[in-house]
K.L.:
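This is the structure I want to talk about, given as structure tokens.
What you are looking at is a predicted structure, and each value in this text was computed from that prediction instead of being measured.
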Amino acid sequence: MQRRKAIQTIAMTAALAGSVSGWSSVLKNNKKRMSLKGNINHSVCRWTYGNLSLEQLCANVKDLGFAAIDLVGPKDWDTLKKYGIYSSMCNGAEINLVDGWNEPNFHSTLIKNYTDHIEYVAKAGYKNLICFSGNRRGMDDESGLKNCVQGLKKILQHAEKNNVTLVMELLNSKVDHHDYMCDHSAWGVELCKRLGSENFKLLYDIYHMQIDEGNVIANIRAHHSYFAHYHTAGVPGRHELNELQELNYPAIMKAIVATGFKGYVAQEFIPTGKTDDERKQALKDAVLLCDV
């Protein structure tokens with residue numbers, strides 16, 4: 001038993017050393033301007049760089065060598081267009097994260113908001129518009145599914161006509177969004193199946209789903225046809241993608257590429273750097289790590 005334990009310890013130490021070495025090699029070679037491989041369409045979430053103006057973030061994104069920002073609404077699209085930046089996941093139609101499609105009392109407001117925003121998105125030349133299930137508030141899964149179908153079906157034809165995809169985000173309900181209903185890929189996939197439209201998909205947030213269900217690569221392989229978009233962040237803590245967190249992002253990205261995915265992967269980690277240069281470097285590191 002002692003011998004077996006010693007062998008296991010040596011093996012784990014070697015594996016960890018190899019992992020750290022692999023990650024470090026990416027960061028060590030990250031002093032030059034990025035040259036991206038083109039297999040992943042990269043983006044970054046606006047809110048995680050709230051210390052910068054949108055114009056500053058646009059300039060940083062262009063300087064790093066990609067051209068998309070997530071979670072920007074109609075009032076700021078002119079700024080994106082000024083810098084040649086694509087709005088890879090539009091927002092602004094939702095009420096908030098907790099009052100969503102699973103509650104019929106919100107349907108009239110949501111239907112009006114989304115009907116208008118579908119037209120805004122299409123007119124601007126974009127494609128994805130985010131939506132949320134909302135919190136449970138004691139509601140069971142089946143009732144939530146039925147309510148979401150009832151409400152979403154009233155706008156899906158409008159989305160199809162305008163070539164806009166409604167994308168419901170999967171969020172964890174253990175740490176960040178207590179009581180959120182769409183907190184497992186199985187529930188979200190079932191909703192997609194019931195709606196039966198190519199214009200309704202899921203945003204598979206890798207950070208959130210690692211917390212609530214794990215088995216990330218297997219779930220991506222099994223359900224990728226229902227995923228229109230991906231978000232990243234380190235687990236635990238929602239910070240940088242480095243050797244201090246538990247997800248193997250290069251392996252996850254390879255699995256995504258293998259599915260034939262042509263959408264966007266957006267960095268949504270909260271940078272810990274104290275200066276703008278440190279935060280920009282963290283974004284560069286993450287993009288390079290995911291650029292498989």
K.L.:
Could you walk me through whether Tyr120 and His117 satisfy the ring pair (Phe, Tyr, Trp, His ring centres under 6.0 Å) test, starting with their C-alpha distance in whole Å, then the side-chain angles of each, then the deciding distance to 0.1 Å, before giving a yes or no?
P.N.:
CA-CA 5 Å; Tyr120 301 156; His117 276 72; 5.0 Å; yes

K.L.:
Under the side-chain hydrogen bond (donor to acceptor under 3.5 Å, both in side chains) rule, what do Tyr180 and Asn172 come out as? Steps first, then yes or no, please.
P.N.:
CA-CA 7 Å; Tyr180 186 73; Asn172 83 74; over 6 Å; no

K.L.:
Measure from the side-chain N and O atoms of Asp140 to the backbone N and O of Ser143, and report whether any donor-acceptor pair falls under 3.5 Å.
P.N.:
yes

K.L.:
Nearest 0.5 Å, what's the NZ-CD1 distance between Lys174 and Ile211?
P.N.:
8.5 Å

K.L.:
From the options Leu110, Thr115, Ile111, select the one residue that forms a side-chain contact (heavy atoms from CB on, under 4.5 Å) with Lys154.
P.N.:
Ile111

K.L.:
In terms of side-chain heavy atoms, does Thr232 have a donor or acceptor partner in Gln267 at a distance below 3.5 Å?
P.N.:
yes

K.L.:
Would you say the side-chain atoms of Asn96 pair up with the backbone N or O of Val98, donor to acceptor, closer than 3.5 Å?
P.N.:
yes

K.L.:
Do Glu268 and Trp47 pair up side chain to side chain, a donor and an acceptor below 3.5 Å, judged on atom types alone?
P.N.:
yes

K.L.:
Using modelled atom types and a 3.5 Å cut-off, is there a donor and acceptor pairing between side-chain atoms of His42 and backbone atoms of Val265?
P.N.:
no

K.L.:
Do any N or O atoms from the side chain of Arg279 and from the backbone of Gly273 form a donor-acceptor pair under 3.5 angstrom?
P.N.:
yes

K.L.:
May I ask you to check whether His177 and His208 place their ring centres under 6.0 Å from each other?
P.N.:
yes

K.L.:
Hey, are Lys62 and Glu55 close enough for a salt bridge, meaning a charged N less than 4.0 Å from a carboxylate O?
P.N.:
no

K.L.:
Could you measure the distance from the CD atom of Glu213 to the NE2 atom of His184? Nearest 0.5 Å is fine.
P.N.:
5.5 Å

K.L.:
Taking Asn162 for the side chain and His158 for the main chain, is one N or O donor matched with an acceptor at less than 3.5 Å?
P.N.:
yes

K.L.:
Between Asp141 and Arg136, is there a salt bridge with N-O shorter than 4.0 Å?
P.N.:
yes

K.L.:
Quick one: do the Gln56 and Asn60 side chains pair a donor with an acceptor below 3.5 Å?
P.N.:
no

K.L.:
Step by step, would you call Asp99 with Arg137 a side-chain contact (heavy atoms from CB on, under 4.5 Å)?
P.N.:
CA-CA 10 Å; Asp99 301 329; Arg137 298 183 173 94; 2.5 Å; yes

K.L.:
Is the ring centre of His224 less than 6.0 Å from the ring centre of Phe227?
P.N.:
no

K.L.:
Would you say the side-chain atoms of Asp212 and Ser173 include a donor-acceptor pair closer than 3.5 Å?
P.N.:
yes

K.L.:
Using the ring of each side chain (for Trp, its six-membered ring), is Tyr226 parallel, tilted or perpendicular to His223, with breaks at 30° and 60°?
P.N.:
tilted

K.L.:
Is the backbone N or O of Gly234 less than 3.5 Å from a side-chain atom of Glu240, with the two atoms forming a donor-acceptor pair by type?
P.N.:
no

K.L.:
Could you please spell out the steps behind the side-chain contact (heavy atoms from CB on, under 4.5 Å) verdict for Tyr49 and Val44?
P.N.:
CA-CA 9 Å; Tyr49 281 81; Val44 62; 4.0 Å; yes

K.L.:
May I have all residue pairs that pass ring pair (Phe, Tyr, Trp, His ring centres under 6.0 Å) and include part of residues 122-149, sequence neighbours excluded?
P.N.:
Trp77-Tyr126, Tyr86-Tyr126

K.L.:
Between the side chains of Asn135 and His178, does any donor sit under 3.5 Å from an acceptor?
P.N.:
no

K.L.:
Salt bridge or not for Glu278 and Lys274, using N-O below 4.0 Å?
P.N.:
no

K.L.:
Starting at CD of Gln281, measure out to CG of Asp276 and round the result to the nearest 0.5 Å.
P.N.:
13.0 Å

K.L.:
Could you check, using the six-membered ring where one of them is a Trp, whether Phe261 and Tyr230 have ring centers closer than 6.0 angstrom?
P.N.:
yes

K.L.:
Output yes when Asp63 and Lys280 qualify as a salt bridge under the 4.0 Å nitrogen-oxygen rule, no when they do not.
P.N.:
yes

K.L.:
Distance-only, no hydrogens or angles: does the Asn147 side chain make a donor-acceptor pair with backbone N or O of Asn102 under 3.5 Å?
P.N.:
yes

K.L.:
Let me see the working for Glu160 and Glu198 under side-chain contact (heavy atoms from CB on, under 4.5 Å), right down to the final yes or no.
P.N.:
CA-CA 8 Å; Glu160 291 166 351; Glu198 286 300 306; over 6 Å; no

K.L.:
Can you tell me if Lys127 uses its side chain to pair, donor with acceptor, with the backbone of Val121 under 3.5 Å?
P.N.:
no

K.L.:
If I take atom CG from residue Asn41 and atom CG from residue Leu36, how far apart are they, to the nearest 0.5 angstrom?
P.N.:
10.0 Å

K.L.:
How many angstroms lie between atom SG of Cys90 and atom CG of Leu166, to the nearest 0.5 angstrom?
P.N.:
11.5 Å

K.L.:
Is there a donor-acceptor pair closer than 3.5 Å between any side-chain N or O of Ser43 and the backbone N or O of Ala266?
P.N.:
no

K.L.:
If we ignore angles and hydrogens, is there a donor and acceptor under 3.5 Å between the side chains of Asp70 and Ser88?
P.N.:
yes

K.L.:
Evaluate the side-chain contact (heavy atoms from CB on, under 4.5 Å) criterion for residues Ile40 and Val257: first the C-alpha distance (whole Å), next the side-chain angles of each, then the deciding distance (0.1 Å), finally the verdict.
P.N.:
CA-CA 7 Å; Ile40 298 283; Val257 170; 3.5 Å; yes

K.L.:
Quick one: does any side-chain atom of Asp291 pair with a main-chain N or O of Val287 as donor and acceptor, under 3.5 Å?
P.N.:
no

K.L.:
For the residue pair His239 and Gln245, establish whether any side-chain heavy-atom pair is separated by less than 4.5 Å.
P.N.:
no

K.L.:
From Leu171 CG over to Asp205 CG, what is the distance, rounded to the nearest 0.5 angstrom?
P.N.:
6.5 Å

